[in-house]
Each structure stands twice: as structure tokens, then as C-alpha cells.
Amino acid sequence: QVQLVESGGGSVQAGGSLLLTCAASGFTDNSYCMGWFRQAPGKEREGVAILDADNFVRYADSVKGRFTISKHSTKNILYLHLNNLKPEDTGLYYCAADRDVWCHSWVLGEAPDPSTSWGQGTQVTVSS
């Protein structure tokens with residue numbers, strides 16, 4: 001059973017930076033795609049960034065050039081570096097993982113499969 005635990009959220013002023021971490025366990029092989037989603041109050045959940053099983057990355061247009069997704073070289077730990085934060089980046093950030101899927105769709109507006117595993121979320125609040 002896949003388990004995902006996020007950490008690193010917080011409150012910052014606009015222009016600030018944060019580092020989110022997602023510790024994953026229960027992976028059975030190296031075919032997992034991992035990604036970050038966020039959900040603001042009153043809005044739908046949206047895909048922010050993904051890192052697929054071949055280490056290709058993709059970002060939502062709203063965060064390109066400001067956010068960077070990466071993975072620990074030897075452990076199943078996913079990172080999201082959030083730079084030049086804006087108030088509209090405020091939301092609950094979730095880590096997600098799924099096996100043998102084309103997860104680039106996650107940042108193209110498509111909902112993940114029901115098989116996707118989710119973390120509990122970590123709050124990011126950006127004040128102006």
C-alpha cells in the first residue's frame with residue numbers, strides 16, 4: 001500500500017519561497033509517476049507539477065519558471081521548490097503517486113485515475 005506524507009508548508013509573503021517534501025513508501029517498482037496538486041478554497045483541485053517514471057517533468061502554465069519539482073537520487077522523496085510565490089498560490093498542496101500511468105495529463109486539466117494515491121496535504125499561505 002502506497003503512503004505519502006507531505007511536509008514543508010507554511011505562511012510567507014509574496015515573493016518568498018518554500019520547499020515542500022513528500023516522503024513515499026510502499027512502491028513496488030520504479031514505474032511510479034509522482035506529482036503535486038493544490039486546491040484553493042472554493043476552487044477545484046489542479047495539477048501543479050509532475051515527475052514521471054523516466055524523470056521527465058511537466059508544469060502547469062501558472063507555475064512555470066517559479067516552481068521546480070525534483071526527486072531524491074536514491075530515496076522515494078519528492079520535492080517541490082516554490083519560488084517567487086504569489087497570493088494566488090495559496091492552497092492545500094497534495095502529493096500524488098500512481099503506477100504505469102501517463103501522468104502528464106495531471107497538469108493538463110485531467111483528473112487522476114481512482115487508483116492514484118494521495119497524501120494528507122500541507123497548507124501554503126501567501127500574503128500580499
Side-chain angles (χ1 to χ4, degrees):
Q1 182 178 357
V2 172
Q3 290 190 326
L4 305 170
V5 180
E6 304 98 332
S7 60
S11 297
V12 296
Q13 291 191 326
S17 299
L18 285 171
L19 172 63
L20 305 186
T21 300
C22 172
S25 60
F27 284 5
T28 57
D29 55 30
N30 294 323
S31 65
Y32 286 82
C33 178
M34 298 184 74
W36 290 95
F37 287 75
R38 68 185 179 188
Q39 187 166 20
K43 295 188 176 181
E44 292 188 356
R45 183 178 58 195
E46 63 173 345
V48 174
I50 64 96
L51 192 154
D52 70 15
D54 295 316
N55 290 319
F56 288 107
V57 301
R58 193 164 193 159
Y59 299 94
D61 288 342
S62 58
V63 306
K64 280 181 183 176
R66 300 188 300 119
F67 291 8
T68 302
I69 190 170
S70 62
K71 191 176 177 184
H72 192 285
S73 59
T74 60
K75 301 177 182 178
N76 287 325
I77 300 175
L78 187 72
Y79 304 103
L80 187 67
H81 297 252
L82 295 73
N83 296 311
N84 191 20
L85 282 160
K86 304 176 180 181
E88 53 263 41
D89 294 318
T90 294
L92 193 59
Y93 282 67
Y94 296 93
C95 178
D98 204 350
R99 184 175 177 272
D100 284 340
V101 296
W102 190 72
C103 61
H104 291 241
S105 61
W106 294 357
V107 296
L108 297 175
E110 293 190 16
D113 292 340
S115 58
T116 301
S117 298
W118 297 91
Q120 81 287 352
T122 186
Q123 179 68 36
V124 171
T125 302
V126 185
S127 58
S128 59

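Hydrogens, waters and symmetry mates play no part in the numbers below; they use all other heavy atoms, side chains included.
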Just to verify, what does Thr74 make a side-chain hydrogen bond (donor to acceptor under 3.5 Å, both in side chains) with, not counting sequence neighbours? His72

State which residues pass side-chain contact (heavy atoms from CB on, under 4.5 Å) with Leu92; sequence neighbours excluded, sorted by chain then number. Tyr94, Gln123

Report, one line per pair, each donor and acceptor closer than 3.5 Å where one atom sits in a side chain of residues 114-121; sequence neighbours left out.
unit_1 : atom_1 : unit_2 : atom_2 : d
Ser115 : OG     : Asp98  : OD1    : 3.3
Ser115 : OG     : Asp98  : OD2    : 2.8
Thr116 : OG1    : Asp98  : OD2    : 3.1
Thr116 : OG1    : Asp113 : O      : 3.0
Gln120 : NE2    : Glu6   : O      : 3.2
Gln120 : NE2    : Glu6   : OE1    : 3.4

Taking C-beta and beyond as the side chain, do Val48 and Trp106 meet within less than 4.5 Å on heavy atoms? no

I need the full list of salt bridge (Lys or Arg N to Asp or Glu O under 4.0 Å) pairs touching residues 63-73, with sequence neighbours left out, sorted by first then second residue. Asp61-Lys64, Arg66-Asp89

When rounded to the nearest 0.5 angstrom, what is the spacing between OG in Ser128 and CD in Glu88? 10.0 Å

Pairs in or reaching into residues 48-81: which pass disulfide bond (SG atoms under 2.5 Å apart), with residues at least two apart or in two chains? none

Hey, could you give me each pair passing salt bridge (Lys or Arg N to Asp or Glu O under 4.0 Å) that has a residue in residues 119-128? Not counting sequence neighbours. none

Go through the structure and list residues passing side-chain hydrogen bond (donor to acceptor under 3.5 Å, both in side chains) with Glu46, not counting sequence neighbours. Arg38

Quick one: does Thr90's side chain have a donor or acceptor within less than 3.5 Å of a partner on Val126's backbone? yes

Scan Val107, Leu82, Leu78 and name whichever one has a side-chain contact (heavy atoms from CB on, under 4.5 Å) with Trp36. Leu78

Nearest 0.5 Å please: distance from the CD1 atom of Ile69 over to the OH atom of Tyr79. 12.5 Å

Is there a path of hydrophobic side-chain contacts, each under 4.5 Å between heavy atoms, that joins Val124 and Phe37? no

Please collect all disulfide bond (SG atoms under 2.5 Å apart) contacts where either partner lies in residues 38-88, sequence neighbours excluded, each pair once. none

Residue pairs, two or more places apart or on separate chains, that pass salt bridge (Lys or Arg N to Asp or Glu O under 4.0 Å) and touch residues 50-59: none

Is there a chain of hydrophobic side chains (I, L, V, M, F, W, Y, each step under 4.5 Å between heavy atoms) that links Val63 to Val57? yes

Which pairs with one or both residues in residues 26-58 pass disulfide bond (SG atoms under 2.5 Å apart), sequence neighbours excluded? Cys33-Cys103

Which pairs would a plain distance check flag for residues 12-29, meaning a side-chain donor or acceptor within less than 3.5 Å of a matching protein atom at least two apart in sequence or in another chain?
unit_1 : atom_1 : unit_2 : atom_2 : d
Ser17  : OG     : Asn83  : OD1    : 3.0
Thr28  : OG1    : Tyr32  : OH     : 3.3
Asp29  : OD1    : Ser31  : N      : 3.0
Asp29  : OD1    : Ser31  : OG     : 2.6
Asp29  : OD1    : Arg99  : NE     : 3.2
Asp29  : OD2    : Ser31  : OG     : 3.4
Asp29  : OD2    : Arg99  : NE     : 2.8
Asp29  : OD2    : Arg99  : NH2    : 2.6

Who clusters with Val5? Use side-chain heavy atoms, under 4.5 angstrom, across I, L, V, M, F, W and Y, and order the result by chain and number. none

